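Some notes on the structure that comes next.
Convention: sequence-line order gives letters A, B, ...; per-chain numbering from 1. As the structure is a prediction and not an experimental result, all values here were calculated from the model.
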Amino acid sequence: MGSNAKIRNIKGTRDILPEEALKWRRMEQVIREKMKAFNYEELRFPTFEYTELFKKSTGEDTEIVQKEMYTFKDMGGRSLTLKPEGTPSVVRMYIQHGLRNRSKIQKYYYIERMFRQERPQKGRFREFRQFGAEVIGSMSPQIDAELIKLALDIFKELGIKGIRVNINSIGCPECKEEYIKALKEFLSPILNGLCEDCKKRFITNPLRILDCKKDRDKLNSAPNTIDYLCDDCKRHFSDLREYLDYLGIAYDVNPKLVRGLDYYTRTVFEFIHSELGAQDEVGGGGRYDGLIEFLGGENTPASGYAVGMDRMLLLMPEIDGDKGIDIYIVTLDKESDIAGWKLLSGLREEGFSCDKDYLERSIKAQFRESDRQNARWTIIIGQEERKRGVVKLKSMETGEQKEVLLNMKAIKEEISAKGS
RNA sequence: GUGAAUGUAGCUCAAUCGGUAAGAGCGCUGGACUGUGGCUCCAGAGGUUGGGGGUUCAAUUCCCCUCAUUCACCCCA
């Protein structure tokens, strides 16, 4: 690595060079196509929000809010934060713009950059991209199943194989409370043997102790959330499973899956992949029936998820994109260069992708460049050609070369006659 | 925030036990072919060995500090 490169990109951010940009474009394109098919509309929202929004919705006690946010003060002294996740902004928009008045059910998606201040590692960055889908207004488990199906369709279309789906239900606020009571009873006698973090979580958010990897084996016999579901939640969860079966989606019920954010209720799920290293989660989400009311809106059920696009990229197979241009123009002297420059402009107007030399290079170098650019055709203009009002047109695949009149119609005909 | 590993040309990597003037492949530039790409051959450019300090007659090599990257922990997408 060059040491004199004193200015480099910030830790945890990534530069995307053309070859990789191609994969990103492909990913975005597939996401948009599938979202359209499922009738989700795009939402775009600001890079930063009032810190308060995330504290309230993501949750004061979550890892994200406690130590991962990029928070700063603006000149007016307001505390602002670079968005660490999308759902809070979507909900804010929903309330702020009265979107509920458009229809009883709203289906949205987004593709946005997120920011979290963690140590980077495989599949984890400080600036990263997520796409997400959110459905506001329906409590049907059909929606939960649809959301999962939507993500799986996107993975499939991109050639990503080996995704596994984990689901669980953590119940509504009532049964969640019942469960937490039972969990605390189970934990109390063994609390001293747990790690420091878990001891804190016992007070702040006992559910998340189930996530702890250190103490995992001590929790094998912990009570399961699904055993404490009320009748409604029980039915909701079994309906979800039934709908997933209808759609032919294979999944595992993971009773220890609780998710890290405060706002989840009932359905939670995640997409995991074994080739991602330690950060094996490609995406995850769930239902958040209480969040909108909590943030000042009407009591409205909702469900959604986010998928890490940087992680998807790691799983995507190589693709051969639209590399190359239609025409490269080689010119041999000053006057021809001007003629070529004019021709170039006309060809572009006609919709051809083309270019020429700007370095006054030798003909050989110009041909090399044409080859490097993967041009299908090379047009040569020199003194001789100019005298006779023609250009030479060479196919870079076959090497065949012929003279064509120097006018757009003749060139176009010759190129399209050979097909693509 | 904690830990470990790794930093040599644009990229991927060499350099014996510390010993000449740090090499190769790919890529780049030019030539062989003075108006024709790819293939081949030849030549050239490109390095303060991440940075700083120390040990030594001598450091890419050993020691310390620092920075960066990677992987893992925590946690998440």
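Across B/rU12 and B/rA59, the matching C1' atoms stand 25 Å from one another, rounded to whole Å. Nucleotides B/rG1 and B/rC13 are separated by 35 Å at their C1' atoms, to the nearest Å. Using C1' as the reference atom, B/rU48 and B/rG52 are 13 Å apart when rounded to the nearest Å. Straight-line distance between the C1' atoms of B/rC11 and B/rG27: roughly 8 Å, to the nearest whole Å. Nucleotides B/rA45 and B/rG31, compared at atom C1', are 14 Å apart to the nearest Å. Atom P of B/rC17 sits at a distance of 48 Å from the matching atom of B/rC76, rounded to the whole Å. Annotation: B/rC33 and B/rG38 have their C1' atoms spaced 14 Å apart (nearest Å).
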Are there any protein N/O atoms within less than 3.5 Å of an N/O atom in nucleotides 29-32 of chain B, and if so, which ones and at what distance?
unit_1, atom_1, unit_2, atom_2, d
B/rU29, OP1, A/R372, NH2, 3.2
B/rU29, OP2, A/R372, NH1, 3.4
B/rG30, OP2, A/R368, NH2, 2.9

At a cut-off of 3.5 Å, list every protein nitrogen or oxygen paired with a nitrogen or oxygen from nucleotides 1-4 of chain B, distance to 0.1 Å.
unit_1, atom_1, unit_2, atom_2, d
B/rU2, O4, A/R119, NH1, 2.5
B/rG3, O6, A/R119, NH1, 3.4

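Stem regions for RNA chain B, each three or more consecutive Watson-Crick or G-U pairs with both distances under 3.5 Å and listed by first number, read B:1-7 with B:67-73, B:10-13 with B:23-26, B:28-32 with B:40-44, B:50-54 with B:62-66.
In this structure, the ring of A/F48 has its center no less than 6.0 angstrom from the ring center of A/Y70.
Interface remark: the A/E385 side chain does form a donor-acceptor pair with the B/rG35 base, using a distance-only criterion of under 3.5 Å.
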